[in-house]
J.: 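I have a structure here, written as structure tokens, and I will follow up with some questions on it.
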Amino acid sequence: MCTKNPQLIIFGIGQFAELLTYYIKEDTNYEIYGYAVDSLYYKCETFLDKKVILFDDAKSYDSKRFKFLLAVGYSNMNHLREKKYIELKELGFDVISYISPKAVVADNVVLGDGNVLLENSYIAPFSMIGNCNIFWSGSNISHHAKIGNNNFIAPSACVAGNVYIGNNCFLGANSTIRNGIEIGDYCLIGSGTNISKNMASYEVNLEEGTKTITKTSLEITI
């Protein structure tokens with residue numbers, strides 16, 4: 001008997017969706033059924049030769065037949081990505097992870113679902129990773145790190161050992177967090193920034209020299 005490949009719906013029709021489509025086709029046996037969007041962004045009937053589905057309609061699909069992949073980035077400190085993940089889980093859908101075969105994840109890492117790990121990302125032994133995080137290519141998570149949910153780790157960001165990162169944070173490209181540091185929720189760390197002290201929730205560090213940043217992370221557009 002011929003078994004059909006798992007059916008996958010990707011949420012999003014932007015460049016991230018295009019990128020993940022490439023990886024899914026190259027690295028997995030998922031069959032992409034279509035792409036889901038909120039009604040505000042329903043601008044076309046097809047994307048990459050597949051149907052575009054209103055998210056409200058897709059939510060009524062059979063959760064045993066269809067799985068979802070979130071192609072949602074870091075806007076508004078990853079809030080939309082978090083919102084869609086929660087909605088889908090409450091409806092009983094599986095939100096899959098994509099882990100590149102070129103990523104390295106130690107076999108004793110605790111890894112949640114809905115994560116994206118692109119090529120050459122690395123997660124060292126004894127680390128604990130929550131749900132719905134994005135680890136871009138070249139990011140490095142060292143040993144015994146604890147990372148919560150809905151975080152975006154940009155290319156070549158480096159997290160040293162024994163670091164704690166909360167939820168909904170953004171780590172810019174080539175940023176570095178020193179070992180033993182604790183980062184609260186909704187923290188925004190700019191590209192090339194070196195973090196050598198703890199950050200409270202909603203704090204921003206953009207390597208502005210002596211300039212004081214008075215806005216919280218939710219008040220800055222990224």
J.: If you look at every heavy atom in Phe16 and Gly73, which pair is closest and at what distance?
T.: CD2-N, 4.1 Å
J.: Is any side-chain heavy atom of Leu118 less than 4.5 Å from a side-chain heavy atom of Tyr98?
T.: yes
J.: Go through Ser175 and Ile153 one step at a time and tell me if the side-chain contact (heavy atoms from CB on, under 4.5 Å) criterion holds.
T.: CA-CA 9 Å; Ser175 58; Ile153 317 296; over 6 Å; no
J.: Strictly distance-based, threshold 3.5 Å: is any side-chain N or O of Glu203 a donor or acceptor partner for the main-chain N or O of Ala200?
T.: yes
J.: Run the side-chain contact (heavy atoms from CB on, under 4.5 Å) test on Thr193 and Ile195 for me, step by step, so that the C-alpha distance in whole Å, both residues' side-chain angles and the decisive distance to 0.1 Å come before the verdict.
T.: CA-CA 6 Å; Thr193 303; Ile195 303 298; 3.6 Å; yes
J.: Write out all pairs satisfying side-chain hydrogen bond (donor to acceptor under 3.5 Å, both in side chains) with one or both partners inside residues 45-54, taking only residues at least two apart or from two chains.
T.: Tyr33-Lys51
J.: Would you say Tyr122 and Leu171 are hydrophobically clustered, going by side-chain heavy atoms of ILVMFWY under 4.5 Å?
T.: no
J.: By the definition side-chain contact (heavy atoms from CB on, under 4.5 Å), identify the one residue from Thr21, Leu8, Ile9 that meets it with Tyr35.
T.: Thr21
J.: Taking a hydrophobic cluster as the set of Ile, Leu, Val, Met, Phe, Trp and Tyr residues connected by side-chain heavy atoms closer than 4.5 Å, whether directly or through intermediates, do Phe152 and Leu188 fall within one such cluster?
T.: yes
J.: Which atom pairs, one a donor and one an acceptor, fall under 3.5 Å between side chains of residues 136-151 and the rest of the protein, sequence neighbours left out?
T.:
from, atom 1, to, atom 2, distance (Å)
Ser139, OG, Trp136, O, 2.8
Ser142, OG, Val159, O, 3.0
Asn149, OD1, Asn131, N, 2.7
Asn150, ND2, Asn168, OD1, 3.3
Asn151, OD1, Asn168, N, 3.2
Asn151, OD1, Cys169, N, 2.6
Asn151, ND2, Asn133, OD1, 3.1
Asn151, ND2, Asn149, O, 3.3
Asn151, ND2, Gly166, O, 3.0

J.: Report whether Val72 and Tyr41 are members of the same hydrophobic cluster (ILVMFWY, side-chain heavy atoms less than 4.5 Å apart, transitive linking).
T.: no
J.: Test side-chain contact (heavy atoms from CB on, under 4.5 Å) on Ile177 and Ile189; report intermediate values, then the result.
T.: CA-CA 9 Å; Ile177 301 179; Ile189 297 171; 4.0 Å; yes
J.: Any sub-3.5 Å donor-acceptor pair from Asp38's side-chain atoms to Leu40's backbone N or O?
T.: no
J.: Give me the atom names and distance for the closest heavy-atom approach of Ala154 to Gly172.
T.: CB-C, 3.5 Å
J.: Would you say the side-chain atoms of Gln7 and Tyr30 include a donor-acceptor pair closer than 3.5 Å?
T.: no
J.: Can you tell me how far CZ of Phe135 sits from CD of Glu119, rounded to the nearest 0.5 angstrom?
T.: 15.0 Å
J.: Would you say that Leu20 contacts Leu69 through its side chain, given a criterion of any heavy-atom pair below 4.5 Å between the two side chains?
T.: yes
J.: Would a hydrophobic clustering, with Ile, Leu, Val, Met, Phe, Trp and Tyr connected at side-chain separations under 4.5 Å, put Leu54 with Phe47?
T.: yes
J.: Grab the two heavy atoms, one from Ala36 and one from Ala58, that are nearest each other, plus how far apart they are.
T.: CB-CB, 4.4 Å
J.: In Å, rounded to the nearest 0.5 Å, how long is the span from CD1 of Ile183 to NZ of Lys197?
T.: 11.0 Å
J.: Report yes if some heavy atom in the side chain of Asn115 is under 4.5 Å from a heavy atom in the side chain of Ile134; otherwise report no.
T.: no
J.: Quick check for you: to the nearest 0.5 Å, what is the distance between Thr28 atom OG1 and Ile96 atom CD1?
T.: 6.5 Å
J.: Which residue pairs satisfy the salt bridge (Lys or Arg N to Asp or Glu O under 4.0 Å) criterion with at least one member in residues 66-80, sequence neighbours excluded?
T.: Lys67-Asp94
J.: side-chain hydrogen bond (donor to acceptor under 3.5 Å, both in side chains) between Asn78 and Tyr186: does it pass, once the steps are laid out?
T.: CA-CA 9 Å; Asn78 307 288; Tyr186 290 91; over 6 Å; no
J.: Would you say that Tyr22 contacts Glu18 through its side chain, given a criterion of any heavy-atom pair below 4.5 Å between the two side chains?
T.: no
J.: Go through the steps to decide whether Cys132 and Leu70 satisfy the test side-chain contact (heavy atoms from CB on, under 4.5 Å), and finish with yes or no.
T.: CA-CA 8 Å; Cys132 212; Leu70 295 176; 3.9 Å; yes
J.: Looking at every non-hydrogen atom in both residues, tell me the closest pair between Ala71 and Ala17 and how far apart they are.
T.: CB-CA, 3.5 Å
J.: If only atom types and distance count, is the side chain of Ser201 paired as donor or acceptor with the main-chain N or O of Asp185 below 3.5 Å?
T.: yes
J.: Got a second to check how far Ser121's OG is from Leu117's CG, nearest 0.5 Å?
T.: 4.0 Å
J.: Taking Arg81 for the side chain and Tyr74 for the main chain, is one N or O donor matched with an acceptor at less than 3.5 Å?
T.: no
J.: Any side-chain to backbone donor/acceptor pair from Asn108 onto Phe126? Under 3.5 Å, distance only.
T.: yes
J.: What is the minimum heavy-atom distance between Ala160 and Asn179, and which atoms define it?
T.: CB-N, 3.3 Å
J.: When rounded to the nearest 0.5 angstrom, what is the spacing between CZ in Phe66 and CD in Glu31?
T.: 9.5 Å
J.: Hey, does Asn205 have a side-chain heavy atom less than 4.5 Å from the side chain of Met199?
T.: yes
J.: Are the side chains of Ile24 and Ile32 in touch, meaning some heavy atoms are under 4.5 Å apart?
T.: yes
J.: What is the minimum heavy-atom distance between Ile53 and Gly34, and which atoms define it?
T.: CD1-CA, 4.4 Å
J.: So, do Phe11 and Leu88 sit near enough that their side-chain heavy atoms are less than 4.5 Å apart?
T.: no
J.: Are Tyr23 and Ile10 connected into the same hydrophobic cluster when the rule is that any two of I, L, V, M, F, W, Y join if their side-chain heavy atoms are below 4.5 Å apart?
T.: yes
J.: Looking at Asp27 and Lys102, is there a salt bridge between them, counting it only when a charged N and a carboxylate O are closer than 4.0 Å?
T.: no
J.: Just wondering, do Val52 and Lys43 contact through their side chains at under 4.5 Å, heavy atoms?
T.: no
J.: Measuring from atom CG of Leu91 to atom OG of Ser63, what distance do you get when rounded to the nearest 0.5 angstrom?
T.: 8.5 Å
